[in-house]
> 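Before I ask anything, let me first share the structure, which is written out below as C-alpha cells.
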Amino acid sequence: MAQVNLDGKPITPVSICMIGGGGFIGSHLCEKLMSETSHTAIVVDVSSEKINHLLDKSLPWAKRIEFHHMNIKNDSRLETLVKASDLTINLAAICTPADYNTRPLDTIFSNFIDAIPVIKFCTENNKRLIHFSTCEVFGKTIGSFLPEEYRKDPQYYMLKEDVSPCIFGPVQKQRWSYACAKQMTDRLIYAEHAENGLKFTIVRPYNWIGPRMDFIPGVDGPSDGVPRVLACFSNNLLRGEPLKLVDGGRSQRTFLYVKDAIEAVMLMIDNPDRANGHIFNVGNPDNEVSVKQLAELMIKVYAKVADVPASSLSTLDVTSEEFYGKGYDDSDKRIPDMTIITKQLGWKPRTSLDELLDSTLQYQHQTYAHAIKKELSNPST
C-alpha cells in the first residue's frame, strides 16, 4: 500500500539535495529516508564519516543515496545538484558556540554568505527549500530585561516564530555572530518568497541531542576543540574530569531527542502544502533544565552506564571568558512555543530527558570509552 501524507494524498518519491547531510542531523535523516521511504538522497558534505554505514553498495537502498565530497564555498557543481533535485535541505553551518568568538568571520560566512547561492539556485530553478536555522535567532528573552517580580511569568520567555523579537547583545559580544548571520539568512529566504515566490520551510531546532552529535576532542575531533554542551560534558565524563559549568550553569535550555526531531522533518518533507511558507520551532518545552541540572543528570546516568560511582564524578564552575574567551554572551532561556507546528503538522515530541540522556550516553560510552582509556594509558602518544 502506498504511503499517504497528512491529507491522505499518496507520497510521491522525491530527490533531495542534502547540503551538510553528512553531519549529526543529516546522518539520522538519511537513515530514516533510506529505511522507511522511497525518496532519494544526494548528500553534499566535506566528510561522509557519519553516513559511511549507509553507503555500502550491497545495501538495498544503494541506488537511492549518493555522496558528493564538496565544499560549497567554492564548488560549481552545487547548482547542478540543486537543479537535479526536487527539494534542497540546507543543514550546512558552523554551530559550536566556542567558534562564535574565536572564528566570527568564518561563522558569518558559513551561516549567511555561503547560504546565498543555495537560496538563489532554489529560487531561479523553482525548487523547494527546507533551511535549517536556529533557536538562537531569538537572542535574549524579553523576561531577562524585566524587573524580578515579572520574571516568573512564562509569557515573557516563550519564543514564538511569528511574534517574538530578536534581541542580541552589542557588536563587541561576538558570540551573537552566529545568531545574526542565521537571522539574515532567514530574512533573505523570506524576501525571496515574498518577491520571487520561493517555496520554503525554515526549521528552528532547540538543542537536538542524540548519538553522533558533535565530536569528542582528541578522538574524532581536534584535541583543542570545544563542542556543544552535551558533547563537552560527555568528554568530561569519559575522561573522569569535572564537568565545567560556565558561569555556574545558570542558563536554562530545553532538549529534544534527535529521533523525535527527524519525525518532524519527515512531516515537512512529505507535506509541502502544510509546510511551505512556515517557520517551525522544533523542540520539547517539557525537557527544560538549567545547564547545572543537565550536568547533574548526566553524572547520574553515566555512572549507571559506565558502572562507576557517581561520587567519582563532579562539576567545576568556570567563567565564560575562561571557557569561551572574550566576547561571549548568552540568553537565559529558550522555550519553544509549539502552536504552529502542532497546528500545521500535528507533531509533538515524545521522548523524556531521562530517556534521551540514557540512549545518548550509552552510545557515547560504547563508541568512545575504549579509545579514551587507551589514550589516557599512553599519554605520550
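The model shown is predicted, which means the values in this text are computed figures rather than measured ones.
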> Is there a path of hydrophobic side-chain contacts, each under 4.5 Å between heavy atoms of I/L/V/M/F/W/Y residues, joining Val226 to Leu245?
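Hydrophobic grouping puts Leu245 apart from Val226.
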> Where do Leu256 and Ala261 come nearest, in terms of heavy atoms and distance?
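So the minimum-distance heavy-atom pair works out to CD2-CB, 3.6 Å.
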> Out of Leu129, Val82, Ile269, which one pairs with Leu87 under the side-chain contact (heavy atoms from CB on, under 4.5 Å) rule?
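It is Ile269, the one option of Leu129, Val82, Ile269 that forms the side-chain contact (heavy atoms from CB on, under 4.5 Å) with Leu87.
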> Salt bridge or not between Lys120 and Glu192? Use side-chain N to carboxylate O under 4.0 Å.
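No salt bridge links Lys120 with Glu192.
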> Going by an N to O cut-off under 4.0 Å, is there a salt bridge joining Asp330 and Arg253?
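Looking at Asp330 and Arg253, the cut-off is met.
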> Taking a hydrophobic cluster as the set of Ile, Leu, Val, Met, Phe, Trp and Tyr residues connected by side-chain heavy atoms closer than 4.5 Å, whether directly or through intermediates, do Leu297 and Leu356 fall within one such cluster?
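Yes, one cluster joins them.
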> Is a side-chain N or O of Ser352 found less than 3.5 angstrom from the main chain of Glu355, in a donor-acceptor match?
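A pair under 3.5 Å: yes.
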> Report the relative orientation of the aromatic rings in Tyr100 and Tyr178; use parallel for angles under 30°, tilted for 30 to 60°, perpendicular for over 60°.
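Correct class here is parallel.
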> A quick test of your reading: do over 12 heavy atoms of other residues, nucleotides or ligands sit less than 6.0 Å from OH of Tyr363?
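Yes.
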> Under a single-linkage definition using a 4.5 Å side-chain heavy-atom cutoff for Ile, Leu, Val, Met, Phe, Trp and Tyr, are Ile11 and Met268 assigned to the same hydrophobic cluster?
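In one cluster with Ile11: Met268, no.
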> Work out which heavy atom in Ala181 is nearest to a heavy atom in Phe112; give both atom names and the distance.
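In this case the closest contact between Ala181 and Phe112 is O-CB, 3.7 Å.
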> Taking all atoms of both residues into account, what is the closest heavy-atom pair of Ala179 and Glu136, and its distance?
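What the structure gives for the nearest pair is CB-O, 3.2 Å.
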> With hydrophobic residues grouped by side-chain heavy-atom distances under 4.5 Å, do Val203 and Met18 end up in a single group?
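Yes; tracing contacts between hydrophobic side chains, which count when under 4.5 Å, links both residues.
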> Treating Arg64 as the side-chain partner and Thr37 as the backbone partner, does any N or O pair qualify as donor plus acceptor under 3.5 Å?
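Yes, the answer is positive, given that a donor and an acceptor are paired below the 3.5 Å cut-off.
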> Side chain to side chain contact (heavy atoms under 4.5 Å, CB included), that's the test. Do Ile216 and Gln364 meet it? Break it down for me.
CA-CA 9 Å; Ile216 295 299; Gln364 300 285 62; 4.2 Å; yes
> Is Glu79 reaching over with its side chain to a backbone N or O of Phe121, donor-acceptor style, under 3.5 angstrom?
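Not a single qualifying donor-acceptor pair exists.
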> Identify the two heavy atoms, one from Ile119 and one from Leu188, that lie closest to each other, and give their separation to 0.1 Å.
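Distance-wise, the nearest heavy atoms are CD1-CD2, 3.7 Å.
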> For the residue pair His278 and Phe280, does the interplanar ring angle fall in the parallel (under 30°), tilted (30 to 60°) or perpendicular (over 60°) class?
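Correct class here is parallel.
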> With the threshold set at 4.0 Å, does a side-chain nitrogen-carboxylate oxygen contact exist between Glu375 and Arg239?
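Salt bridge present between Glu375 and Arg239.
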> Around atom CG of Asn74, are there more than 12 heavy atoms of other residues, nucleotides or ligands at under 6.0 Å?
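Yes, CG of Asn74 has more than 12 neighbouring heavy atoms, counting only those of other groups under 6.0 Å.
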> Whether the Asp270 and His39 side chains hold a donor-acceptor pair (N or O, under 3.5 Å, no angle test) is what I'd like checked.
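Yes, a side-chain donor-acceptor pair sits under 3.5 Å.
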> Have Thr254 and Asn284 got a donor and an acceptor in their side chains that come within less than 3.5 Å?
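The criterion, which ignores hydrogens and geometry beyond distance, is not satisfied for Asn284 and Thr254.
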> Verify, without hydrogens or angle tests, whether Asn5 (side chain) and Asn271 (backbone) share a donor-acceptor contact under 3.5 angstrom.
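A pair under 3.5 Å: no.
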> Tell me which one of Thr185, Thr123, Ile189, Ile19 satisfies side-chain contact (heavy atoms from CB on, under 4.5 Å) with Val118.
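Single pass found, and it is Ile19.
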> Between Arg212 and Glu31, does any NZ, NE, NH1 or NH2 come within less than 4.0 Å of an OD or OE carboxylate oxygen?
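Salt bridge: yes.
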> Just by distance, do the side chain of Asp247 and the backbone of Ser320 share a donor-acceptor pair under 3.5 Å?
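Yes, Asp247 side chain to Ser320 backbone: donor-acceptor pair under 3.5 Å.
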> Do the charged groups of Lys9 and Asp7 touch, with an N to O distance under 4.0 Å?
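Salt bridge: no.
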> Under 6.0 Å from the CZ atom of Phe323, do we count more than 12 heavy atoms belonging to anything else shown?
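Atom CZ in Phe323 is packed in, count exceeds 12.
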> Check for a donor-acceptor pair, side chain of Asn287 on one end and backbone N or O of Leu353 on the other, with a separation under 3.5 Å.
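Yes, the answer is positive, given that a donor and an acceptor are paired below the 3.5 Å cut-off.
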> Taking atom CD as the centre, does Glu49 end up with more than 12 heavy-atom neighbours from other residues, nucleotides or ligands that are less than 6.0 angstrom away?
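Atom CD in Glu49 is not crowded, with 12 or fewer foreign heavy atoms closer than 6.0 Å.
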> Say whether, by atom type as modelled, one donor and one acceptor occur between the side chain of Lys182 and the main chain of Phe132 under 3.5 angstrom.
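Judged by distance alone, yes, a pair lies under 3.5 Å.
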> Over 60° means perpendicular and under 30° means parallel, so classify the ring planes of Phe168 and Trp176, tilted if in between.
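Geometry flag for Phe168 against Trp176: parallel rings.
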> Charged N to carboxylate O below 4.0 Å: is that the case for Lys73 and Asp114?
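Asp114 and Lys73: salt-bridged.
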> Given 3.5 Å as the limit, does a donor-acceptor pair link the side chain of Asn111 with the main chain of Ile94, or not?
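A pair under 3.5 Å: yes.
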> Report the C-alpha distance between Asp186 and Arg204 in whole Å, list the side-chain angles of each, state the deciding distance to 0.1 Å, and finish with yes or no for salt bridge (charged side-chain N to carboxylate O under 4.0 Å, His left out).
CA-CA 10 Å; Asp186 289 0; Arg204 288 189 177 153; 3.0 Å; yes
> Does Asn196 use its side chain to pair, donor to acceptor, with the backbone of Leu198 at less than 3.5 Å?
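Between the backbone of Leu198 and the side chain of Asn196 there is no qualifying donor-acceptor contact (under 3.5 Å).
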> Measure up the Tyr328 and Tyr324 rings against each other and bin them: parallel (under 30°), tilted (30 to 60°), perpendicular (over 60°).
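Rings of Tyr328 and Tyr324: parallel, as their planes differ by under 30°.
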> Any chance you could measure Phe145, atom CZ, to Ile167, atom CD1, to the nearest 0.5 Å?
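If I round to the nearest 0.5 Å, the distance is 5.5 Å.
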> Decide side chain to side chain contact (heavy atoms under 4.5 Å, CB included) for Asp358 and Val305; before the verdict, give the C-alpha distance in whole Å, the side-chain angles of both, and the deciding distance to 0.1 Å.
CA-CA 8 Å; Asp358 184 72; Val305 166; 4.2 Å; yes
> Are more than 12 heavy atoms, taken from residues, nucleotides or ligands other than Arg77, located less than 6.0 Å from that residue's CZ atom?
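Yes, CZ of Arg77 has more than 12 neighbouring heavy atoms, counting only those of other groups under 6.0 Å.
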> Looking at every heavy atom in both Ile335 and Pro285, which two are closest together, and how far apart are they?
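Nearest pair, atom of Ile335 first, then Pro285: CG2-CB, 4.0 Å.
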> Stepwise, does the side chain to side chain contact (heavy atoms under 4.5 Å, CB included) test hold for Ser48 with Val43?
CA-CA 9 Å; Ser48 63; Val43 182; over 6 Å; no
> Hey, any chance Leu238 and Leu230 share a hydrophobic cluster, counting ILVMFWY side chains that come within less than 4.5 Å of each other, even indirectly?
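Yes, Leu238 connects to Leu230 through the hydrophobic network.
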> Could you report the tightest heavy-atom contact between Ser133 and Pro205, atom names first, then the distance?
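Ser133 and Pro205 have their closest heavy atoms at O-CD, 3.4 Å.
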> Mark yes when over 12 heavy atoms from residues, nucleotides or ligands other than Lys199 sit less than 6.0 Å from its NZ; otherwise mark no.
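Check passes, neighbour count above 12.
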> Hey, what do you get for OG (Ser35) to CG (Leu59), rounding to the nearest 0.5 Å?
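It comes to 11.5 Å.
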> Between the side chains of Glu322 and Thr319, is a donor N or O closer than 3.5 angstrom to an acceptor N or O?
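Yes.
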> Between atom SG of Cys17 and atom NE2 of His68, what is the distance when rounded to the nearest 0.5 Å?
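Rounded to the nearest 0.5 Å, the SG-NE2 separation comes out at 8.0 Å.
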> Any side-chain to backbone donor/acceptor pair from Asp337 onto Thr339? Under 3.5 Å, distance only.
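Looks like yes, one N/O pair under 3.5 Å.
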